[in-house]
Amino acid sequence: MTSRMDHFRQQVYYWVKKIPKGKVTSYGAIAKLAGFPRHARHVSKALGSAPDRKSLPWQRVIGADGKIAFHPDSDHYALQQTLLQKEGIRVINGKVDMKRFSWESPLQQSEHQTENNMRAEEFFR
DNA sequence: AACTTGACTTCAA
DNA sequence: ATTGAAGCCAAGT
């Protein structure tokens with residue numbers, strides 16, 4: 001009876017695969033896209049237990065603050081950093097400049113859209 | 001059933 | 001810019 005979380009995991013994999021090479025996003029953003037807004041912590045679990053790590057760009061998911069979430073002295077940390085750098089993402093002290101490398105997900109785009117609509121409405125008032 | 005554990009996030013010092 | 005506390009929630013003990 002874990003079909004709920006199974007679905008969650010499918011959604012996570014689906015969206016993580018949509019992150020373009022050279023861009024990153026956060027655990028929280030993926031959780032939201034997956035339809036489970038408060039499950040940021042579970043995104044990491046899903047990635048860690050993914051059946052096909054090969055086809056999953058897990059390295060493009062980092063903390064909302066732009067930092068690699070693994071412990072800095074771990075092998076995972078080192079691997080993620082090199083994988084990111086290998087696709088052109090600059091990592092300074094374990095941190096990525098989100099201003100520059102964060103993926104504009106469809107969700108955020110639509111948020112901008114409504115924001116613009118608000119502006120237009122105000123303009124024509 | 002109670003308590004702990006994270007590849008998290010947000011907010012307030 | 002850092003740090004820490006509080007909130008989060010399924011899984012594992």
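Atoms considered below: every heavy atom in the structure, side chains included; atoms not considered: hydrogens, waters and symmetry mates. Everything numeric in this text was worked out from a predicted model, so none of it was measured. Each chain gets a letter, A, B and so on, in the order the sequences are listed, and its residues count up from 1.
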Using a heavy-atom distance cut-off of less than 4.0 Å, which residues of residues 61-85 of chain A contact DNA chain B?
A/G63, A/A64, A/A69, A/F70

Side-chain heavy-atom pair A/P51, A/Y13 within 4.5 angstrom cut-off
yes

Contact interval (first through last nucleotide) of DNA chain B with protein chain A, 4.0 Å heavy-atom
B/dG6 to B/dT10

Once you measure the plane-to-plane angle for A/F70 and A/W58, does it fall in the parallel (<30°), tilted (30-60°) or perpendicular (>60°) bin?
perpendicular

In the structure I gave you, are the side-chain heavy atoms of A/E87 and A/P57 within less than 4.5 Å of one another anywhere?
no

What does the 5'-to-3' dot-bracket notation of DNA chain B look like when only Watson-Crick and G-U wobble pairs under 3.5 Å count, and pairs to other strands show as |?
.|||||.||||||

Between residues 16-36 of chain A and DNA chain B, which residues have a heavy-atom gap below 4.0 Å?
A/S26, A/Y27, A/G28

Please set out all donor-acceptor pairs under 3.5 angstrom arising from side-chain atoms of residues 19-27 of chain A, sequence neighbours excluded.
residue : atom : partner : partner atom : Å
A/K23   : NZ   : A/R100  : O            : 3.2
A/S26   : OG   : A/A29   : N            : 3.0
A/Y27   : OH   : A/V61   : O            : 3.4

More than 12 non-hydrogen atoms from neighbouring residues, nucleotides or ligands closer than 6.0 Å to CG on A/N93, yes or no?
no

Which word best sums up how the rings of A/W15 and A/W103 line up, parallel for under 30°, tilted for 30 to 60°, or perpendicular for over 60°?
tilted

Pick out the pairs of N or O atoms, protein on one side and nucleotides 8-13 of chain C on the other, that lie under 3.5 Å.
residue : atom : partner : partner atom : Å
C/dC9   : OP1  : A/R38   : NH1          : 3.3
C/dC9   : O2   : A/H42   : NE2          : 3.2
C/dA10  : O4'  : A/H42   : NE2          : 2.9

Side chains of A/H42 and A/V12: closer than 4.5 Å at any heavy-atom pair?
no

